[in-house]
Protein chains: 2
Amino acid sequence: MSKTPDSAVRTYIAQHRAAFLDDLADWLRIPSVSAQPDHAVDVRRSADWLAAKLHETGFPTAEVWATPGAPAVFAEWPCDDPRAPTVLVYGHHDVQPAAREDGWDTDPFEPVIRGNRLHARGAADDKGQVFFHTLGVRAHLAATGRTTPAVHLKLLIEGEEESGSPHFRALVEEHAARLTADVVIVSDTGMWSEDTPTVCTGMRGLAECEIQLHGPDQDIHSGSFGGAVPNPATAAGRLVAALHDEHARVAIPGFYEGIVELTDRERALLAELPFDEEQWLRTAKSSAVHGEAGHTTLERIWARPTAEVNGIGGGYQGPGSKTIIPSSAMVKLSFRLVAGQDPDLIEKAVRSWAAEQLPTGIRHEITFGAATRPCLTPLDHPALQSVVRAMGRAFGQEIRFTREGGSGPAADLQEVLAAPVLFLGISVPSDGWHAPNEKVEIDLLLKGVETAAHLWGDLSDNWRDAS
Amino acid sequence: MSKTPDSAVRTYIAQHRAAFLDDLADWLRIPSVSAQPDHAVDVRRSADWLAAKLHETGFPTAEVWATPGAPAVFAEWPCDDPRAPTVLVYGHHDVQPAAREDGWDTDPFEPVIRGNRLHARGAADDKGQVFFHTLGVRAHLAATGRTTPAVHLKLLIEGEEESGSPHFRALVEEHAARLTADVVIVSDTGMWSEDTPTVCTGMRGLAECEIQLHGPDQDIHSGSFGGAVPNPATAAGRLVAALHDEHARVAIPGFYEGIVELTDRERALLAELPFDEEQWLRTAKSSAVHGEAGHTTLERIWARPTAEVNGIGGGYQGPGSKTIIPSSAMVKLSFRLVAGQDPDLIEKAVRSWAAEQLPTGIRHEITFGAATRPCLTPLDHPALQSVVRAMGRAFGQEIRFTREGGSGPAADLQEVLAAPVLFLGISVPSDGWHAPNEKVEIDLLLKGVETAAHLWGDLSDNWRDAS
Ligand SMILES: [Zn+2]
Ligand SMILES: [Zn+2]
């Protein structure tokens with residue numbers, strides 16, 4: 001029987017599986033917690049380790065890039081065919097804090113394999129998912145007999161994702177010339193479940209603001225003045241209430257203007273996912289669903305823009321009571337955005353809406369943080385088709401589609417590099433990102449390797465077709 | 001020229017003015033700060049000092065009454081005519097905290113006279129206003145040649161008013177038999193101004209509650225779950241917004257049921273007061289008025305019930321942002337009540353209103369604190385007429401009417417003793433209650449003495465007429 005490329009890839013992976021897991025375990029032993037200053041040295045060590053490993057893997061270029069915070073790793077392996085497309089893989093090598101006493105069964109930085117699971121902080125988020133690209137590209141070369149990847153392959157693995165990527169945008173802008181890519185592949189998300197392999201087609205964007213409301217110059221007595229002057233805490237409540245209409249739609253004028261609505265096909269595909277609302281509610285630690293009328297829960301969390309109150313405060317919050325009209329109040333809002341929404345226009349809309357809501361006598365200030373744009377890959381995008389085919393070969397199953405409700409630095413890559421962003425992740429919800437006993441399913445990790453091994457050839461072939 | 005009773009009173013007061021002020025200064029030197037545990041000994045010292053002084057004044061009975069907190073002083077001076085009415089004077093001998101560094105020009109507990117002003121913590125609130133009753137009753141006896149007051153005179157001077165009178169209700173209930181009175185005179189309020197002497201005819205009541213709102217069992221990620229589960233901070237805002245309708249009327253069903261509306265005469269009298277809204281706004285540290293449509297500012301603060309947010313909180317309130325749907329939120333509300341409103345019915349109305357406002361998936365708990373009932377003296381009440389006449393003789397001016405927007409322990413006396421509550425105070429807004437450089441205008445203090453000197457005879461005479 002002639003060896004198919006698929007079986008050649010599988011054979012190569014099986015032969016190198018043990019070394020691959022050993023190497024990953026070495027990396028996982030480095031507690032690269034970007035949020036904890038005393039681990040700064042470990043984050044640097046993690047970057048050095050990865051750069052060395054990428055060299056060893058065969059990347060001719062593998063550099064540690066400094067930032068004002070933790071360093072990133074950049075690696076590049078050009079294709080021998082200059083006409084090949086350029087792919088930039090994004091991931092991160094820093095991890096969430098973890099301590100045995102948080103509820104870990106074993107040391108979070110001493111990887112342990114139990115059955116099919118590799119437990120360690122970072123196993124799934126994100127070292128495991130970065131690392132499958134190393135064995136992936138080797139399997140790709142071995143199975144095809146190539147000496148260079150079928151695409152110009154670049155990796156950018158940042159070191160501050162778990163700290164909010166404060167220097168990522170600037171890093172990408174600084175190195176934009178070396179980072180140019182035709183496609184960005186983000187390997188920092190997951191799939192629906194072990195049984196239902198999926199590809200994520202988009203993330204929501206994010207705009208955040210804090211609204212400070214000022215009433216009396218100091219707290220005043222609610223007996224002496226109550227009922228006769230505007231109360232900033234009341235104004236804060238009324239502002240929050242005005243965020244949504246009775247259908248739980250965002251009531252800020254212009255908010256939905258220009259959004260890319262779900263197509264009928266996308267709605268149908270979402271509806272096909274084996275969604276169990278009761279189970280989802282348990283994950284959401286909530287006892288009821290609540291959201292925009294006319295949309296399912298999955299549509300609400302993945303494909304609809306939102307306005308959420310992240311914090312509200314004003315006046316006396318201690319035990320007992322205090323009969324005051326508070327001097328000030330504050331509301332922190334975040335807006336998740338979908339394709340077609342421009343954070344700058346949202347900021348404008350929020351500013352004029354807020355100004356109109358507030359009564360005379362309440363001064364306000366609105367501060368917006370840095371926004372993240374939404375990203376969305378159309379279902380018929382040729383690169384997305386490549387990802388679906390590569391996953392399909394690895395999983396031997398139909399690949400379905402999800403989206404990601406959260407927002408991430410992927411949007412910066414999309415914007416600065418003007419390249420479409422695709423997602424390739426094999427993590428599953430039970431992996432416990434940011435939680436004790438984080439793990440990765442070893443079988444799925446190897447499916448990730450296999451997908452990566454198939455992806456570069458498919459992308460290259462179909463890129464040529466497309467152009 | 002025969003000596004009129006009025007000039008006899010004035011002469012007596014003039015003769016004893018220096019000793020009166022010296023005695024008051026001695027009392028003011030005792031830092032009887034009930035809110036500060038290290039001053040507990042001083043509050044006891046203040047009670048002992050006052051009891052001794054009342055003995056010296058002539059009260060056959062003057063006792064210190066213990067409470068689980070700071071002690072009160074009770075004194076009694078029966079009239080030789082058993083048919084005379086019984087009057088209970090209420091005041092307090094504890095004071096607000098004060099320290100030089102808060103902005104006092106001199107030591108707050110070292111009284112100093114500058115011009116017509118006596119500066120010290122407690123000068124107006126409330127030692128000065130308690131103390132004018134001592135010289136008042138002596139002047140009453142001297143001018144009338146009586147050996148006992150024309151009424152059965154009782155004093156109850158509590159020691160925890162500035163700490164919220166936590167044990168006052170129980171104290172009054174415990175000693176109800178000895179406190180029985182036909183009329184209660186509260187000397188712990190003020191007048192409109194130096195130029196416009198007034199008598200207060202009522203105080204608003206107070207009901208307070210805290211509403212805890214619970215959503216997810218823990219903070220959840222607003223990217224993963226935003227838009228699809230109820231957010232307790234949003235619910236808190238919507239609850240607050242539902243408190244008032246678009247006319248700033250309280251929108252809780254039943255809230256206004258049964259209230260005693262202002263009569264046309266009362267509205268006209270209030271409108272006659274020389275109210276300067278600009279100046280009032282400066283006192284309120286506010287830049288605009290805002291309140292129930294169809295009512296003036298004075299009506300809103302004195303005669304209309306209110307709903308105010310004293311505190312609101314939920315989610316992340318620190319610097320920057322946190323993309324969460326908070327697990328819980330909290331609202332502290334206070335309701336000022338007017339005559340005809342029953343705190344128990346208000347509590348019921350608030351409870352059913354709140355339950356109806358909240359979406360499925362938001363659990364809530366409401367805790368009500370102890371309520372204070374409103375009190376209101378009808379303008380034609382004979383005892384109120386006596387106060388007006390006594391003040392008129394002292395001030396030589398028409399006495400106008402105010403009300404008090406706040407709420408006080410007077411309501412407990414009204415309720416437990418089933419006696420009407422009147423107010424006799426000579427403090428003016430510039431006295432700076434609870435503020436640095438608190439003072440009392442010495443001329444007004446002596447007008448208080450004079451009013452008290454006239455009041456007992458008038459009350460006794462008209463009481464006989466009335467019964
Ligand atoms: Zn991650
Ligand atoms: Zn007082």
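The chains referred to below are lettered A, B, ... by the order of the sequence lines, with proteins before strands, and numbering in each begins at 1. All heavy atoms count here, side chains included; hydrogens, waters and symmetry mates do not.
When heavy atoms are compared at a cutoff of 4.5 Å, A:Pro429 does not approach chain B at all. Only the side chain of B:Glu208 has a heavy atom closer than 4.5 Å to any heavy atom of chain A. The part of A:Glu210 that comes within reach of chain B is its side chain, from C-beta onward, which places non-hydrogen atoms under 4.5 angstrom from that chain. Of the two parts of B:Thr283, the backbone and the side chain both hold a non-hydrogen atom closer than 4.5 Å to a non-hydrogen atom of chain A. For a residue to count as touching a neighbouring chain, one of its non-hydrogen atoms must lie under 4.5 Å from one of that chain's; by this rule A:Ala284 touches chain B with backbone and side chain alike. With a 4.5 Å cut-off on non-hydrogen atoms, A:Ile220 touches chain B through its side chain but not through its backbone. Heavy atoms closer than 4.5 Å to chain B are found nowhere in A:Arg304, neither backbone nor side chain. For a residue to count as touching a neighbouring chain, one of its non-hydrogen atoms must lie under 4.5 Å from one of that chain's; by this rule A:Lys332 touches chain B with the side chain only.
The residue among B:Ser287, B:Ser334, B:Ser222, B:Ala329 with the most heavy atom pairs within less than 4.5 Å of chain A is B:Ser222. With chain B as partner, the option from A:Leu281, A:Ile324, A:Ile325 having the largest number of non-hydrogen pairs under 4.5 angstrom is A:Ile324. For the set B:Val289, B:Val250, B:Thr367, the entry with the most heavy-atom pairs within less than 4.5 Å of chain A is B:Val289. Listed options B:Gly315, B:Pro305, B:Gly227 were ranked by heavy-atom pairs under 4.5 angstrom with chain A; first place goes to B:Gly227. Ranked by heavy-atom pairs shorter than 4.5 Å toward chain B, the options A:Val229, A:Ile312, A:Thr323 are led by A:Ile312. Most heavy-atom pairs under 4.5 Å with chain B, from the set A:Cys209, A:Ser321, A:Gly405, A:Gly226: that is A:Gly226. For the set B:Gly291, B:Gly314, B:Gly369, the entry with the most heavy-atom pairs within less than 4.5 Å of chain A is B:Gly314. Between chain A and the options B:His214, B:Gln218, B:Met203, B:Arg336, heavy-atom pairs under 4.5 Å are most frequent for B:Arg336. Put simply, of A:Gly313, A:Gly406, A:Ala228, the one with the most heavy-atom pairs under 4.5 Å next to chain B is A:Ala228. Your options are B:Ser407, B:Ser327, B:Gly320, and the one with the most heavy-atom pairs under 4.5 Å with chain A is B:Gly320.
Between A:Pro326 and A:Pro216, the shortest heavy-atom contact is O-CD, 3.5 Å. Closest of all the heavy-atom pairs between B:Asn310 and B:Leu333 is OD1-C, 3.4 Å. For B:Gly223 against B:His221, the heavy-atom pair with the smallest separation is N-ND1, 3.0 Å. A:Thr306 approaches A:Phe255 most closely through the heavy-atom pair O-CZ, 3.6 Å. Taking every heavy atom of both residues into account, B:Ala207 and B:Ile346 meet most closely at CB-CG2, 4.5 Å. Shown here for B:Tyr316 and A:Met330, the closest heavy-atom pair between the two residues is O-CE, 4.4 Å.
Atoms CZ and CD, from B:Arg204 and B:Glu404 in turn, are 9.0 Å apart once rounded to the nearest 0.5 Å. Atom CZ of A:Arg403 sits about 4.5 Å away from atom CG of A:Leu376, to the nearest 0.5 Å. The CZ atom of A:Phe423 lies 12.0 Å from the OG1 atom of A:Thr198; values are rounded to the nearest 0.5 Å. In this structure, B:Cys200 SG and B:Met191 CE are separated by 12.5 Å, a value rounded to the nearest 0.5 Å. With rounding to the nearest 0.5 angstrom, the CZ atom of B:Arg300 is 8.0 Å from the NE2 atom of B:His290.
Inspection of non-hydrogen atoms places A:Pro359, A:Thr360, A:Gly361 of residues 355-363 of chain A under 4.5 Å from chain B.
A:Gln96 and A:Glu162 share a side-chain donor-acceptor pair at under 3.5 Å. For B:Trp280 and B:Thr297, the side-chain atoms include no donor-acceptor pair closer than 3.5 Å.
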What donor-acceptor contacts under 3.5 angstrom involve side-chain atoms of residues 231-247 of chain A, with partners at least two apart or in another chain?
| residue | atom | partner | partner atom | Å |
| --- | --- | --- | --- | --- |
| A:Asn231 | OD1 | A:Ala233 | N | 2.8 |
| A:Asn231 | OD1 | A:Thr234 | N | 3.3 |
| A:Asn231 | ND2 | B:Glu308 | OE1 | 2.8 |
| A:Asn231 | ND2 | B:Val309 | O | 2.9 |
| A:Arg238 | NH1 | B:Ala241 | O | 3.1 |
| A:Arg238 | NH1 | B:His244 | O | 3.3 |
| A:His244 | NE2 | A:Ala307 | O | 3.1 |
| A:Asp245 | OD1 | A:His247 | N | 2.7 |
| A:Asp245 | OD1 | A:Ala248 | N | 3.2 |
| A:Asp245 | OD1 | A:Arg249 | N | 3.0 |

